[in-house]
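Values below: all heavy atoms of this structure, side chains included; hydrogens, waters and symmetry mates excluded.
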Amino acid sequence: MDNVGNMLGLSNNATKEERKQALMSTIAQQSNFENARTLIEKINEKCFEKCIPKPGSSLSSGESTCLTTCMQKYMQAWNAVSQAYIYRIKSDPRGN
């Protein structure tokens, strides 16, 4: 467990609870990073396909507007789904 504590930046004097909290925090950060990476990947995939039918050396104003609108809508939808999911988890009496 000392190796885990060292990887998390904890001293050897850290309590079991401090180690647990640090590990949970690290896992949450990694999960958030992965979610952000997935969001960006999906936005790139979906919005590029929708807005740029013939890729070229630069974007037309219409393509740029389409990309901006598409990204905003995709992020709004992502946030709505995430909020609903978090609400459902918090309101589940079984704690699942």
Side-chain angles (χ1 to χ4, degrees):
M1 188 72 164
D2 285 336
N3 287 340
V4 173
N6 291 337
M7 289 188 320
L8 298 174
L10 296 171
S11 70
N12 289 334
N13 297 335
T15 66
K16 186 175 182 178
E17 186 61 29
E18 289 171 331
R19 290 174 191 264
K20 178 181 174 183
Q21 289 300 321
L23 182 58
M24 290 174 60
S25 176
T26 298
I27 290 170
Q29 288 173 354
Q30 290 174 348
S31 177
N32 290 341
F33 178 79
E34 184 61 27
N35 284 339
R37 189 193 63 74
T38 300
L39 173 62
I40 291 168
E41 182 180 291
K42 291 294 184 184
I43 286 174
N44 284 339
E45 177 185 319
K46 303 297 182 188
C47 294
F48 186 86
E49 287 175 7
K50 177 183 176 187
C51 298
I52 306 176
K54 296 179 185 176
S57 61
S58 63
L59 295 175
S60 70
S61 63
E63 291 170 336
S64 182
T65 301
C66 180
L67 282 172
T68 299
T69 303
C70 180
M71 288 187 302
Q72 288 173 342
K73 286 182 180 181
Y74 201 93
M75 289 178 67
Q76 287 173 343
W78 179 280
N79 287 336
V81 169
S82 295
Q83 289 173 356
Y85 180 70
I86 289 168
Y87 175 78
R88 184 171 178 187
I89 289 172
K90 287 182 177 180
S91 64
D92 187 351
R94 296 173 291 167
N96 294 342

Student check: side-chain heavy atoms of Asn35 and Leu39 closer than 4.5 Å: no
When you compare the side chain of Ser58 with that of Glu63, does any pair of heavy atoms fall below 4.5 Å? no
Output all residues satisfying side chain to side chain donor-acceptor pair (under 3.5 Å) with Gln83, sequence neighbours left out; order by chain, then residue number. none
Suppose we screen for side chain to side chain donor-acceptor pair (under 3.5 Å). Which residues come up paired with Gln29, at least two apart in sequence or across chains? none
Can you name the residues that form a side chain to side chain contact (heavy atoms under 4.5 Å, CB included) with Glu49, not counting sequence neighbours? Glu45
Looking at residues at least two apart in the chain, or sitting in another chain, which of them share a side chain to side chain contact (heavy atoms under 4.5 Å, CB included) with Asn79? none
Check the pair Glu34, Gln30 against side chain to side chain donor-acceptor pair (under 3.5 Å), reporting the backbone distance first and the verdict last. CA-CA 6 Å; Glu34 184 61 27; Gln30 290 174 348; over 6 Å; no
Looking at [atom1] of [X] and [atom2] of [Y], how far apart are the two atoms once the value is rounded to the nearest 0.5 Å?
X: Ser82; Y: Met75; atom1: OG; atom2: CE; answer: 10.5 Å
X: Thr26; Y: Gln21; atom1: OG1; atom2: CD; answer: 11.0 Å
X: Ile86; Y: Ser91; atom1: CD1; atom2: OG; answer: 12.0 Å

Phe48, Ile40: one ILVMFWY side-chain cluster at the under-4.5 Å cut-off? no
Do any N or O atoms from the side chain of Thr65 and from the backbone of Ser61 form a donor-acceptor pair under 3.5 angstrom? yes
Strictly by side chain to side chain donor-acceptor pair (under 3.5 Å), give each pair with a member in residues 68-77 just once, sequence neighbours left out. none
I need the full list of disulfide bond (SG atoms under 2.5 Å apart) pairs touching residues 62-94, with sequence neighbours left out, sorted by first then second residue. Cys47-Cys70, Cys51-Cys66
